[in-house]
Enquirer: 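Input: one structure, supplied below.
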Amino acid sequence: MAASSSSTSASRLNGCQGWVKAEDEQEYAALYTTSAAARGLLVTPRDNKGLGRAARFAVTPSTLLPTAIPRCAYEEGRALQGACNRLMVSVARDTAFLKQHLTNTAAAGDDFTGGLLNIMDVVQAEQPDRYRSDPMFGVFRTDYMLHCPPGTAAVDSRVLMVEANTIAASFGMLAAKAARLHRSLLSQHLATTHAATQADVESCVPLSDFDVEVPRAFARAHALYLERWLQQRGADQPVPTEGVVIVMVVQPNEYNAFDQHLLIQALWETHGLRTVRLSLQQIQAVGRIGSYGELLLDLPASDDAPVEASIVYFRAGYSPADFPDQTAWDARLLIERSTAIACPNIALHLAGTKKVQQVLTDRKVLSKFLSAEEVPRVLATFAGLYSLDPADVDDRQPEKDGAARVAAVVAEARSQPHLYVLKPQREGGGGNNLFDEDLVRGLDTLGSALTSYIVMDRILPPAAPASLLTDRLAFSRDKVHSELGIFGAILHSGNAGEVLNTTAGHLLRTKLTTSTETGVAAGAGVLDSPFLV
């Protein structure tokens with residue numbers, strides 16, 4: 001009976017992989033590559049030296065076919081995103097909570113988190129009600145993986161949260177294009193092979209509406225800024241129709257520039273909103289605070305009249321590497337002090353840290369921020385997360401003092417490092433997490449800085465087959481692991497509550513089972529689409 005269940009499980013995880021035969025794969029890959037380029041499914045090589053027509057671009061690393069994901073996991077992730085959006089805003093509104101749980105992290109040597117906390121303190125001292133009453137706007141992505149420990153059938157896997165991303169949640173526009181491309185090419189192929197029907201494809205390959213919902217959220221946030229503009233300056237003042245722009249904060253030599261420019265196009269073509277891309281250093285050079293607290297930018301192409309920022313959207317600023325000098329920190333403070341709606345503001349950025357995620361695994365704590373109906377469903381997606389701060393109080397282990405509790409966590413992780421991950425307060429896709437021997441080495445060498453880390457149960461996903469299109473045109477047909485991201489957008493006006501809270505599409509990233517990271521921009525994973533089974 002167990003063998004039958006395992007066989008059925010493996011068959012389901014094959015998804016649509018058999019719909020394109022091995023002998024047809026090279027031809028299918030050539031069609032995929034050409035179609036991807038035609039649709040703008042591209043990235044910018046980091047060594048791109050070309051100018052004008054000589055500029056070089058590359059097709060985004062991808063799977064040739066969508067990868068199997070249980071339909072129930074996909075639907076549960078979408079159903080929970082509204083609660084996840086609300087949770088992040090509720091946590092960000094409680095700055096005392098953030099300081100309580102992140103101050104020791106910063107003191108243990110995490111200067112990046114410390115710098116963010118310092119900006120929040122400065123702004124809150126100048127504007128005491130800022131984080132309680134001002135608008136908060138977030139474009140988030142909650143990432144999940146299937147957990148299938150040995151002896152568990154893939155169909156019985158649990159869906160567990162990897163992390164909640166509150167800043168620079170990327171690849172949404174490209175993922176929407178990838179889903180349409182995967183669906184379109186499969187449909188064309190099946191028209192000749194008859195391996196399945198058009199209805200099968202449409203039912204199993206869901207489209208992502210990020211390219212509709214997120215631009216719509218930006219348009220509503222921009223409108224809210226203009227509404228506040230009238231409140232600040234008087235109803236007799238004409239509402240500006242020009243000269244108010246969205247600022248997208250970017251990194252120099254951006255690998256993922258196409259994803260950003262596709263959003264910029266959607267904002268302009270659908271909502272008439274102009275966007276400018278600037279680095280933190282550029283913002284500090286041209287930015288200043290106006291008489292009403294507005295963020296003004298003296299851009300070279302603005303005919304001597306400054307433009308005003310309604311929204312500052314961060315696609316950079318999530319890593320210490322984005323703050324190489326004081327200029328970048330000064331720019332971040334300038335933005336936070338202004339009346340521009342930051343996406344995210346500092347408090348929302350901090351709400352997405354791993355330490356906060358670990359604290360929220362306590363039912364009592366989570367119940368402060370979510371309804372009684374939402375708490376058990378969100379809790380069910382949490383893997384085990386464990387504090388390494390002896391000063392933390394854990395009501396679930398009142399019999400242990402902090403030092404004894406941390407010692408027990410360290411001893412367990414050291415004895416079975418293959419079952420745990422050591423995480424700093426950083427984005428996970430860039431090689432920041434420590435696994436296996438690196439985890440043990442970190443436990444042994446980090447010393448007092450270990451307080452700024454957390455330990456997480458390692459999620460053990462089932463392996464599925466896939467063919468990967470990488471820089472070397474490699475069709476590995478190896479086993480892969482996938483990570484499902486669900487996007488959400490929320491606009492909260494403070495005293496008036498939620499203006500908008502929506503689920504906004506999905507992203508699937510896939511990597512070889514030999515890799516511990518899934519970041520596409522980091523070179524570890526490839527872009528994929530879910531095939532629901």
Side-chain angles (χ1 to χ4, degrees), residues 91 95 97-121 162-168 317-326 328-329 332 346-347 349-362 365 383-394 397 400-458 516-517 519 522:
V91 169
T95 55
F97 175 85
L98 291 173
K99 293 175 188 178
Q100 175 188 353
H101 294 290
L102 291 173
T103 296
N104 283 356
T105 294
D110 187 341
D111 295 336
F112 180 62
T113 299
L116 297 176
L117 283 170
N118 181 64
I119 290 176
M120 189 171 72
D121 284 340
V162 178
E163 61 185 355
N165 301 277
T166 58
I167 181 170
Y318 54 84
S319 164
D322 293 327
F323 295 85
D325 52 36
Q326 189 58 40
W329 284 109
R332 187 65 189 86
I346 289 285
H349 184 169
L350 292 170
T353 56
K354 306 302 181 289
K355 180 62 183 180
V356 169
Q357 184 181 349
Q358 174 255 308
V359 174
L360 291 173
T361 61
D362 186 329
V365 175
L385 293 107
Y386 312 99
S387 170
L388 295 176
D389 183 355
D392 279 353
V393 176
D394 190 341
Q397 295 179 304
K400 289 186 178 179
D401 65 32
R405 175 181 43 74
V406 170
V409 171
V410 169
E412 170 63 17
R414 183 183 282 112
S415 68
Q416 300 192 82
H418 61 290
L419 295 180
Y420 298 95
V421 185
L422 187 60
K423 290 189 168 188
Q425 311 307 309
R426 301 288 183 272
E427 294 296 305
N432 296 303
N433 298 330
L434 300 179
F435 299 83
D436 302 317
E437 293 85 357
D438 291 334
L439 179 151
V440 175
R441 191 176 302 112
L443 293 176
D444 291 340
T445 62
L446 284 169
S448 60
L450 198 60
T451 298
S452 65
Y453 286 68
I454 65 164
V455 169
M456 178 176 172
D457 286 344
R458 188 166 180 172
T516 56
E517 302 289 355

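What's counted below: heavy atoms across the whole structure, side chains too, no hydrogens, waters or symmetry copies. If you read the sequence from its start, that first residue is 1, and numbering goes on from there.
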Enquirer: Show, in sequence, the C-alpha distance, side-chain angles and deciding distance for His101 and Leu350, and conclude whether the side chain to side chain contact (heavy atoms under 4.5 Å, CB included) test is met.
Expert: CA-CA 10 Å; His101 294 290; Leu350 292 170; over 6 Å; no
Enquirer: Taking side-chain hydrogen bond (donor to acceptor under 3.5 Å, both in side chains) as the test, write out the residues that go with Asp111, two or more places apart.
Expert: none
Enquirer: Ignoring hydrogens and angles, tell me if any N or O in the side chain of Gln425 forms a donor-acceptor pair with the backbone of Ser452 under 3.5 Å.
Expert: yes
Enquirer: Are Asn433 and Arg458 packed together at the side-chain level, in the sense that at least one heavy-atom pair is separated by less than 4.5 angstrom?
Expert: no
Enquirer: Atom CD1 in Ile346, atom OG1 in Thr95: separation rounded to 0.5 Å?
Expert: 12.5 Å
Enquirer: Tell me, with the steps shown, if Val409 and Leu388 meet side chain to side chain contact (heavy atoms under 4.5 Å, CB included).
Expert: CA-CA 8 Å; Val409 171; Leu388 295 176; 3.9 Å; yes
Enquirer: Provide the closest heavy-atom pair for Thr113 versus Asp110 in the form atom of the first, atom of the second, distance.
Expert: OG1-OD2, 2.9 Å
Enquirer: Would Thr105 and Thr353 count as a side chain to side chain contact (heavy atoms under 4.5 Å, CB included) here? Give the steps.
Expert: CA-CA 11 Å; Thr105 294; Thr353 56; over 6 Å; no
Enquirer: Which heavy atom in Ala413 sits nearest to a heavy atom in Leu443, and how many Å separate them?
Expert: CB-CD1, 4.0 Å
Enquirer: For the atom pair NZ (Lys354) and CG (Asn432), what is the distance rounded to the nearest 0.5 Å?
Expert: 8.0 Å
Enquirer: Which heavy atom of Ala391 sits nearest a heavy atom of Asn104, and at what distance?
Expert: CB-ND2, 3.4 Å
Enquirer: Measure the spacing between CD of Glu412 and CG of Leu419 and express it to the nearest 0.5 Å.
Expert: 7.5 Å
Enquirer: Please name all residues satisfying side-chain hydrogen bond (donor to acceptor under 3.5 Å, both in side chains) with Tyr453, sequence neighbours left out, ordered by chain then number.
Expert: none
Enquirer: Parallel, tilted or perpendicular, judged at 30° and 60°: which one describes the rings of Tyr420 and Tyr386?
Expert: perpendicular
Enquirer: Could you list the residues that satisfy salt bridge (Lys or Arg N to Asp or Glu O under 4.0 Å) with Asp392, not counting sequence neighbours?
Expert: Lys355
Enquirer: To the nearest 0.5 Å, tell me how far Leu360 CG sits from Leu385 CG.
Expert: 10.0 Å
Enquirer: For the residue pair Gly114 and Ala106, what are the closest heavy atoms and their distance?
Expert: CA-CB, 3.5 Å
Enquirer: How long is the span from the CG atom in Leu117 to the CG atom in Leu98, to the nearest 0.5 Å?
Expert: 7.5 Å
Enquirer: Determine, for Arg441 against Asp444, whether the closest basic-nitrogen to carboxylate-oxygen distance falls under 4.0 angstrom.
Expert: no
Enquirer: Which heavy atom in Tyr318 sits nearest to a heavy atom in His349, and how many Å separate them?
Expert: CA-CE1, 4.1 Å
Enquirer: Check this for me: Gln416, atom CD, are more than 12 non-hydrogen atoms of other residues, nucleotides or ligands nearer than 6.0 Å?
Expert: yes
Enquirer: Which atom pair, heavy atoms only, marks the closest approach of Leu422 to Leu446?
Expert: CD2-CD1, 4.1 Å
Enquirer: Mind checking the CE-NZ spacing from Met456 to Lys423? Nearest 0.5 Å is all I need.
Expert: 4.0 Å
Enquirer: Check step by step if side chain to side chain contact (heavy atoms under 4.5 Å, CB included) holds for Val440 and Phe435.
Expert: CA-CA 8 Å; Val440 175; Phe435 299 83; over 6 Å; no
Enquirer: Are any of the side-chain heavy atoms of Thr451 and Ser387 separated by less than 4.5 Å?
Expert: no
